[in-house]
Amino acid sequence: MARKTATMEAGTGAPVERVPGLERLPAGPALFVGRRTELAALRAAAARPAEGRSPVLVLAGRPGSGRTALAVRFAVTVAGQYPDGVLFARLSAPDGGRVPPARAARRLLEQLGSDTADVPLPGAAGDGRDDPACVALRAALAGRRVLLVLDDVRDAGQLWPLLADEPGCLVLATTAGPLTGIEDIDPVILGGLDRSAAAELLGDLVGGTRIGCDPVGAADLAEACGSQPAALRLMAGRLRGKPDLAVTEAAKELLRAVAEAGKAEPDRTPAKDPEGAKESAEPADPSVGKGKGERGKGRRGAAATGPEPTAAPAPPAEPARDPAAWVRPGPEPAEPVPVPDNDPLVGAFTLAYAGLTAAQARMLRALTLAPAQCADARTASALVGCPAPEAATTLAALAERELLAEEPPAADGTARYRVPGRLHPRLVRLREREDRPAEIELARARLLERLVRLTESARSLLDPSEGAGPDPLPGPLRLKSAAHAREWLLGERDPLLGAVADAIGQGDLDGSAGRLVTALLRSLPLTGAAAPADLHQLHELVLTVAERHGRPRRASAALLNLGDLQAAAGRWEQASGHYRAALEHARTADDEALCARALEGAAGCHRALGDAVRAADWYGRALGVRQSMGDQAAEARLLARVAEAHEAQRRFDEAEREYRASLSVLRRIGDERGREAVAVALAELRERASTGW
């Protein structure tokens with residue numbers, strides 16, 4: 001098979017190899033052809049002067065149109081103009097789920113090198129322009145020249161909180177459409193490739209001789225594929241796998257498969273679409289709703305063929321406007337744009353799936369269970385229960401048939417793959433039809449246990465003093481060093497969090513999911529890059545499992561941890577609510593230590609809010625519990641806290657009494673450092689009282 005990479009058109013600015021962040025972009029196809037018209041339109045739009053905010057370019061196209069590949073291509077050609085780096089985020093899960101902008105903002109901040117530990121936790125909605133993470137991202141982009149590539153945006157509500165007041169940055173968004181509400185955008189709409197590009201793609205994927213010997217068949221196949229890149233690649237994979245299949249016959253097979261899609265029950269035969277009858281009708285062409293400034297503008301890039309346009313002269317820049325006028329968020333986001341039954345992509349997938357071996361088909365279906373639908377040999381081998389080398393071979397074979405997309409490799413060079421979003425819904429329905437529920441549950445359990453062992457292995461490498469780690473994993477699965485363990489944890493953090501959230505959401509594997517939560521809570525802080533939002537999510541999952549199984553002690557501990565995270569973020573009202581809920585669970589469990597922690601936490605919230613009366617009351621209740629437990633160190637600390645609360649109320653006599661009592665306890669237990677601190681506080685109190693403060 002002949003493959004080549006088209007020559008990149010260099011942009012102006014810094015050398016591309018020196019621009020940080022290019023490695024974050026999806027690997028993309030090894031071959032890129034055509035799209036000169038669309039690239040010219042993007043370059044013309046990017047060249048327009050912008051004022052007031054980051055300019056936004058939108059690539060809209062149906063699933064399989066190659067919008068992500070084109071976005072990556074364009075990003076590489078202009079990256080030199082953005083020396084402060086390239087950022088990438090995918091705003092839709094492969095199953096069509098919507099990624100909140102707050103989560104995307106935190107990941108983009110980390111790519112910028114900003115410390116997200118100081119970013120407050122999201123609010124109740126956590127989904128708007130005022131979210132702390134979105135505010136922090138926009139502030140971090142000020143004064144920088146950064147290219148943000150946002151892939152698979154579902155709605156304007158995801159995009160507008162990320163738009164910085166920085167015209168030196170550029171935002172490139174891809175969407176299946178429609179994307180409504182953003183003003184001053186003239187989207188590039190992707191159709192099929194032109195004829196010459198489609199023929200070139202087939203020739204390089206299948207082999208120039210085979211395609212060149214049958215130009216009529218190649219033209220028929222391109223037409224049957226609608227010149228869509230994804231369908232062309234799938235059919236090229238089928239031709240590579242069947243050397244005796246004529247190109248003309250492949251085109252006829254595809255036409256039959258498309259014609260019969262939705263007319264028969266799901267089957268693994270070329271003439272039947274596995275899920276055709278379950279998809280909705282074809283949606284309207286993807287488009288972007290235009291604001292007032294866009295009415296009457298034409299669409300660029302909508303035609304599949306035609307002469308290449310010349311860049312129009314840049315219009316004069318408009319004066320900066322209020323950021324609130326840039327975007328008018330529409331209603332709740334619509335459902336993901338489906339691939340209609342009469343789309344050539346459906347027929348091409350049906351044929352490609354029918355040509356797989358049983359083991360390959362099983363692997364492909366199982367990968368829909370992988371975290372974020374991304375997998376390497378470690379996770380894929382667990383899903384199907386095979387050795388890692390065998391899993392690696394199967395993954396490579398599926399990628400060769402264009403059924404998996406290649407992701408950037410892991411830190412240790414391990415190849416990683418992703419189930420394309422355009423194929424995910426159909427593969428899920430195939431899995432539900434062909435795999436027994438018990439097999440699916442067993443695969444999920446194997447995956448969770450594999451992730452637990454990998455996470456525990458990473459912890460033992462990062463902190464050997466914690467004791468002996470788990471039994472070593474087989475050689476191909478093993479993490480080699482502390483640096484490798486840290487890179488693996490940080491690189492796989494989102495998939496790990498997604499895996500445990502999905503498992504707990506389904507509620508049938510709480511044992512394995514709970515062990516993974518515990519392993520992550522012990523391991524992520526060792527990386528030095530544990531975001532409070534991630535820890536918050538994990539403790540919420542612990543709370544969910546504890547309440548589901550009626551474990552009040554564990555629920556109380558989770559609520560205390562959530563309260564501590566909220567208190568560290570300065571959100572005292574929310575923290576107080578968590579501490580009060582923890583107190584109720586602790587009383588149910590009859591656990592005095594947890595009760596004392598909850599009482600003291602709530603008292604600290606009242607103190608921070610300036611309510612000295614309630615702070616004194618809650619500290620006093622915590623003091624009574626600690627005294628009944630015989631915890632003298634805690635008793636001395638709480639006596640000093642009660643004294644501080646009295647002092648804030650100008651009740652100096654009561655405050656001096658509590659300080660003296662604290663000194664007595666500290667003297668009894670021999671805590672000299674504590675005695676010095678309390679003695680200083682007592683001396684300051686007496687000075688204030690004597691001067692009439």
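Taking each heavy atom of A45 and L57 in turn, the nearest pair found is CB-CD2, 3.4 Å. Nearest heavy-atom pair across L22 and A79 is CD2-CB, 3.8 Å. Closest heavy-atom contact between D376 and A415: CB-O, 3.3 Å. A140 approaches L109 most closely through the heavy-atom pair CB-CD2, 3.9 Å. Of all non-hydrogen atoms in V99 and A104, the two that sit nearest each other are CG1-N, 4.4 Å. Across all their heavy atoms, G157 and R98 have their closest contact at C-NH2, 3.6 Å.
Of the candidates R103, R106, R107, R107 is the only one forming a salt bridge (Lys or Arg N to Asp or Glu O under 4.0 Å) with D534. Here the rule is side chain to side chain contact (heavy atoms under 4.5 Å, CB included) with E402, and of M235, R233, R238 only R233 fits it. Of the residues listed (V346, L254, L234), the one engaging L351 in a side chain to side chain contact (heavy atoms under 4.5 Å, CB included) is L254, and it is the only one.
Here the side chains of F349 and L427 are in contact, with some heavy-atom distance below 4.5 Å. The shortest side-chain heavy-atom distance between R416 and C374 falls under the 4.5 Å cut-off. The side-chain heavy atoms of T37 and D194, taken from C-beta on, include no pair separated by under 4.5 Å. Counting heavy atoms from C-beta outward, H424 and T368 have side chains that approach closer than 4.5 Å. In this structure, T68 and P26 have side chains that are in contact, with non-hydrogen atoms separated by less than 4.5 Å. L172 is listed as a side-chain neighbour of F74, based on a closest heavy-atom distance under 4.5 Å.
At least one donor-acceptor pair under 3.5 Å links the side chain of D155 to the backbone N or O of Q158. Listed for the S92 side chain is a donor-acceptor partner under 3.5 Å among the backbone atoms of D152. For R24 (side chain) and V86 (main-chain N/O), a donor-acceptor pair under 3.5 Å exists by modelled atom type. Looking only at distances, no side-chain donor or acceptor of R240 sits under 3.5 Å from a matching main-chain atom of G207. With hydrogens and angles ignored, the 3.5 Å screen pairs a side-chain donor or acceptor of Q111 with a backbone N or O of F88.
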Hey, mind stepping through R73 and E38 against salt bridge (Lys or Arg N to Asp or Glu O under 4.0 Å) and telling me if it holds? CA-CA 11 Å; R73 166 77 172 186; E38 292 85 350; over 6 Å; no
Under the criterion side chain to side chain contact (heavy atoms under 4.5 Å, CB included), I'd like the reasoning laid out for L170 against L147: C-alpha separation, chi angles, the key distance, then a yes or no. CA-CA 5 Å; L170 177 67; L147 172 62; 3.8 Å; yes
Pair L112, R144 - check side chain to side chain contact (heavy atoms under 4.5 Å, CB included), show working. CA-CA 11 Å; L112 274 174; R144 301 197 193 194; 3.2 Å; yes
Checking L395 against L367 for the side chain to side chain contact (heavy atoms under 4.5 Å, CB included) test, could you report, in this order, the C-alpha distance in whole Å, the side-chain angles of both residues, the deciding distance, and whether it holds? CA-CA 10 Å; L395 289 170; L367 290 179; 3.7 Å; yes
Could you go through L245 and E253, starting from their C-alpha distance and side-chain angles, then the distance that decides it, and tell me whether this counts as side chain to side chain contact (heavy atoms under 4.5 Å, CB included)? CA-CA 10 Å; L245 178 63; E253 282 185 348; 4.0 Å; yes
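With rounding to the nearest 0.5 Å, the separation of CG in L205 from CZ in R210 is 12.0 Å. If you take CG on L159 and OG1 on T175, they are separated by 9.5 Å, rounding to the nearest 0.5 Å. In this structure, Y353 OH and L423 CG are separated by 12.0 Å, a value rounded to the nearest 0.5 Å. The CG atom of D84 sits 7.5 Å away from the SG atom of C169 when rounded to the nearest 0.5 Å. Distance check, rounded to the nearest 0.5 Å: CZ of R62 to CZ of R67 gives 11.0 Å. Rounding to the nearest 0.5 Å gives a distance of 7.5 Å between OG of S54 and CG of D165.
A salt bridge links D151 with R90: at least one charged nitrogen is closer than 4.0 Å to a carboxylate oxygen.
Side chain to side chain, T248 and D214 meet the donor-acceptor criterion of an N or O pair below 3.5 Å.
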